[in-house]
Q: 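First the structure, then my questions, so here it is.
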Amino acid sequence: MAPRTKKPPLPVEPDPDEPRADAAPQAVPHVRVAVVGSGFGGLGAGVRLRRAGITDFVILERADSVGGTWRDNSYPGCACDVPSHLYSFSFAPNPDWPRVFSAQPDIRAYLERVADTFGLRPHLRFGAEVTELRWEEEHTRWRVTTRVGSWTADAVVSAAGPLAEPKIPDLPGLDGFPGKVFHSSRWDHDYDLTGKRVAVVGTGASAVQIIPAIQPTVGSLTVFQRTPAWVMPRADREVTGVEKWLHAKLPPSGLLRRSALFAIRELQVDAFVRRPQFLKLVQQVALRHMHRAVADPALRARLTPDYRIGCKRILLSNTYFPALAAPNTEVVASGLRELRGSTLVAADGSEHEVDAVVFGTGFHVTDLPIAERVYGVGGMALAEAWKDGMEALRGSTVRGFPNLFFLIGPNTGLGNSSMILMIESQLNYLIDALTTLDSIGATAMQPTERAQRQWNLELQHRMSRTVWTTGGCRSWYLEEDGKNTVLWPSSTSAFRRATRHVDLAEYELLKRTAPLGDALDPEVVPV
């Protein structure tokens, strides 16, 4: 089947007036591909679809602009902990990154340029939060329902991402707190923290940036630390004008820089996934980094983790420890238990009066909210299919949900490198799947039960040796039963090889046996 080239139709807008009983039903527009989300994954999917000659697609975005997590997270100090020249698309190098580790505004601006440069604006539909994805077996297609209308699609790409829905703990008394409360990813820029008594709950990747950014201006800062983090020095600096000129005039120099950054991180993988004991030297560097900044032995003790470095995400900062050691900061080595009016009560029983609470408590990662909106074969909810933990074939496809392709799906996360590398690998897999369906005359594909089970058994076997399993910590990578459904237990090169091509032996193929709009039964095509 030749790729379609028409411009994606706009959705049918709901009529505010009561429709007449004899009014003819309006047609729902159909597209080849519906992409959910316009962060790195969604925009990357748009670029690769167009390059493959597939222009009949929409990118559905719930907000009013592109950017995904880099749009939502605008808190003070927000920046990437992966070097910019690696945290960008290989097909869209940016010679003008201002810093080695770029800040949120620069990354968001980069994504806006990608949307413009690669002609994605006509495909974008803003305010189109997906409320339901339902597989229509009788038509061998997806029905996509959003807040601005509906589409049907041959295939759906879920690029909603794991860092999309903030997680705020259900604490007694939170609703009755008289002050200001917000999550790091929903920062209230209209609320002035100057001189206020502020509590930050959590000490993860967001908090390590927020705390030093607000500490100099707040009246007092109370940090609720359930588990201390390992923090390494951050080798950040401005990118010089000479470097920018060189990368702009001689693009291979930028590629060489990216390749070097990639190689360094690939060499680190073995310590994380097979030989965690090699991380002891890194742990000593982190301890010296803390000791140089924190003179108080009691505070040092509270800030020293009791698990192996790498078990939780390693954080990078040169300003975090000085902020914690500042006179107006108190570190509570305990989680937050409840709120009594404006008094915050820690799990250790200590009480703290504050004016504002900032939650740096992460996101719904192992329980992706979009799973509750997806219904596959037989009406099965994806959340139900994943009740014992997320699972997919090659992190991309799930049995019972034909032609649903994930970007940053189960077990594709990284502990030490750039997620853009993983996204681009999954984009290779997506495009190969769609073009393969065209070439063999099939409509849809879903993994066989055997292929999905075998992939995950082998994956979890490899996971058993990693620092994330053996390091002695409890992290957001893990399910309640300790199963790691988030991270990839090997190198990014290995994942690239595993997703270079679709293996049809791992799939059942479906073929549409009647024109769209007619009732039909999908035919299983033998491979």
Q: Is there a donor-acceptor pair under 3.5 Å between the side chain of E424 and the backbone N or O of F89?
A: no

Q: Any sub-3.5 Å donor-acceptor pair from T492's side-chain atoms to L421's backbone N or O?
A: no

Q: List the steps, then state whether salt bridge (Lys or Arg N to Asp or Glu O under 4.0 Å) holds for K483 with E391.
A: CA-CA 11 Å; K483 180 181 178 181; E391 192 174 277; 3.7 Å; yes

Q: Less than 6.0 angstrom separating the ring centers of F359 and H183, yes or no?
A: no

Q: Got a second to check how far L60's CG is from L124's CG, nearest 0.5 Å?
A: 9.5 Å

Q: Strictly distance-based, threshold 3.5 Å: is any side-chain N or O of S88 a donor or acceptor partner for the main-chain N or O of S84?
A: yes

Q: For L437, which residues count as a side chain to side chain contact (heavy atoms under 4.5 Å, CB included) partner, sequence neighbours excluded?
A: N403, A442, M445, L509

Q: For R99, is the CZ atom crowded, meaning more than 12 foreign heavy atoms sit under 6.0 Å from it?
A: yes

Q: Side-chain contact test, heavy atoms from C-beta onward, threshold under 4.5 Å: evaluate it for N484 versus M463 and give yes or no.
A: yes

Q: Within the side chain of T117, is there an N or O that forms a donor-acceptor pair under 3.5 Å with the backbone of V114?
A: no

Q: Between the side chains of Q446 and Y507, is a donor N or O closer than 3.5 angstrom to an acceptor N or O?
A: no

Q: Below 4.0 angstrom, N of the basic side chain to O of the carboxylate: do E266 and R496 qualify?
A: no

Q: Evaluate the side-chain proximity of K312 to S475: yes if any heavy-atom separation is below 4.5 Å, no if none is.
A: yes

Q: Passes side chain to side chain contact (heavy atoms under 4.5 Å, CB included), V467 versus V273? Steps please.
A: CA-CA 6 Å; V467 69; V273 302; over 6 Å; no

Q: Out of curiosity, R288 CZ to M232 CE, how far, rounded to the nearest 0.5 Å?
A: 9.0 Å

Q: Could you pull out all residues at least two apart from R265 that satisfy salt bridge (charged side-chain N to carboxylate O under 4.0 Å, His left out)?
A: none

Q: Anything under 30° is parallel, anything over 60° is perpendicular, the rest tilted; go ahead and classify Y477 against W468.
A: perpendicular

Q: Determine whether L459 and P489 make a side-chain contact, defined as any pair of heavy atoms from C-beta on separated by less than 4.5 Å.
A: yes

Q: Can you confirm whether F495 sits close enough to Q426 that some side-chain heavy atom of one is under 4.5 Å from a side-chain heavy atom of the other?
A: yes

Q: Would you sort out whether V156 and V36 count as a side chain to side chain contact (heavy atoms under 4.5 Å, CB included), showing the intermediate values?
A: CA-CA 8 Å; V156 170; V36 182; 4.2 Å; yes

Q: Inspect the contact between D270 and R275 and indicate whether a charged nitrogen and a carboxylate oxygen are less than 4.0 angstrom apart.
A: yes

Q: Within the 3.5 Å criterion, strictly below it, is a donor on Q209 or S317 matched to an acceptor on the partner's side chain?
A: no

Q: Does T329 use its side chain to pair, donor to acceptor, with the backbone of A325 at less than 3.5 Å?
A: no

Q: Do the side chains of E243 and R257 get close enough for a salt bridge, i.e. N-O under 4.0 angstrom?
A: yes

Q: I'd like to know if E506 and R394 make a salt bridge, using a cut-off of under 4.0 Å between side-chain N and carboxylate O.
A: yes

Q: I want to know whether Y110 and W70 have ring centres closer than 6.0 Å.
A: no

Q: So if I apply the side chain to side chain contact (heavy atoms under 4.5 Å, CB included) rule between W230 and each of C311, P305, C473, which one comes out positive?
A: P305

Q: Are Y87 and F40 close enough, and set up right, to give a ring pair (Phe, Tyr, Trp, His ring centres under 6.0 Å), and what steps lead you there?
A: CA-CA 10 Å; Y87 197 81; F40 268 99; 5.2 Å; yes

Q: Spell out, as yes or no, whether a donor-acceptor pair under 3.5 Å connects the side chain of E61 to the backbone of R125.
A: no

Q: Please test T485 against E479 for side-chain hydrogen bond (donor to acceptor under 3.5 Å, both in side chains), starting from the C-alpha separation and ending with a verdict.
A: CA-CA 7 Å; T485 60; E479 299 278 355; 3.1 Å; yes

Q: State whether the number of non-hydrogen atoms from other residues, nucleotides or ligands found under 6.0 Å of R474 atom CZ is greater than 12.
A: yes

Q: Test the R50-F118 pair against the cation-pi criterion, namely NZ or CZ under 6.0 angstrom from the six-membered ring centroid and within 45° of the ring axis.
A: no

Q: Among all residues two or more places apart in sequence or in another chain, which pass the disulfide (SG to SG under 2.5 Å) test with C78?
A: none

Q: Are any of the side-chain heavy atoms of W151 and T146 separated by less than 4.5 Å?
A: yes

Q: How close do V82 and S417 get, heavy atom to heavy atom, and via which atoms?
A: CG2-O, 3.7 Å

Q: Quick one: does Q452's side chain have a donor or acceptor within less than 3.5 Å of a partner on R399's backbone?
A: yes

Q: Run T499 and N428 through side chain to side chain contact (heavy atoms under 4.5 Å, CB included) and show every step you take.
A: CA-CA 7 Å; T499 53; N428 291 341; 5.5 Å; no

Q: What is the distance from atom CG of N73 to atom CZ of R186, rounded to the nearest 0.5 Å?
A: 7.5 Å

Q: State plainly whether the residues R373 and E129 are in salt-bridge range, i.e. N to O under 4.0 Å.
A: yes

Q: Does one side chain, of T448 or E508, offer a donor that lies under 3.5 Å from an acceptor on the other?
A: no

Q: Hey, could you give me the CG/OG distance between N94 and S102, rounded to the nearest 0.5 Å?
A: 7.5 Å

Q: How long is the gap from OG1 on T469 to CG on L487, to the nearest 0.5 Å?
A: 9.0 Å

Q: Enter the distance from I431:CD1 to H501:NE2 here, rounded to the nearest 0.5 Å.
A: 13.5 Å

Q: Could you tell me if the ring centre of Y429 sits under 6.0 Å from that of F405?
A: no

Q: Report, as yes or no, whether the 6.0 Å neighbourhood of atom NE2 on H189 holds more than 12 heavy atoms from other residues, nucleotides or ligands.
A: yes

Q: What do you reckon, is NE2 of H291 surrounded by more than 12 foreign heavy atoms closer than 6.0 Å?
A: yes

Q: Does a salt bridge link R121 with E112, judged by any charged N lying under 4.0 Å from a carboxylate O?
A: yes

Q: Quick one, F262 and S418 - any side-chain contact, counting heavy atoms below 4.5 Å?
A: no

Q: Side chains of R258 and P93: does their closest heavy-atom pair fall under 4.5 Å?
A: no

Q: Can you tell me if R108 and S65 form a side-chain donor-acceptor pair at under 3.5 Å?
A: yes

Q: Cut-off 3.5 Å, side chains only: do N416 and R313 have a donor facing an acceptor?
A: no

Q: Go through the side-chain N and O atoms of S74 and Q104 and say whether any donor and acceptor fall under 3.5 Å apart.
A: no

Q: Can you check whether P233's main-chain N or O pairs, donor with acceptor, with N318's side chain at less than 3.5 Å?
A: no

Q: Check whether any side-chain N or O of E165 sits under 3.5 Å from a backbone N or O of H364 as a donor-acceptor pair, and report yes or no.
A: no

Q: For residues L407 and V157, determine if any side-chain heavy atom of one lies less than 4.5 Å from a side-chain heavy atom of the other.
A: yes

Q: So does D438 pair up with R32, basic N to acidic O under 4.0 Å?
A: yes

Q: Check the pair W142, V374 against side chain to side chain contact (heavy atoms under 4.5 Å, CB included), reporting the backbone distance first and the verdict last.
A: CA-CA 10 Å; W142 286 94; V374 181; 4.0 Å; yes

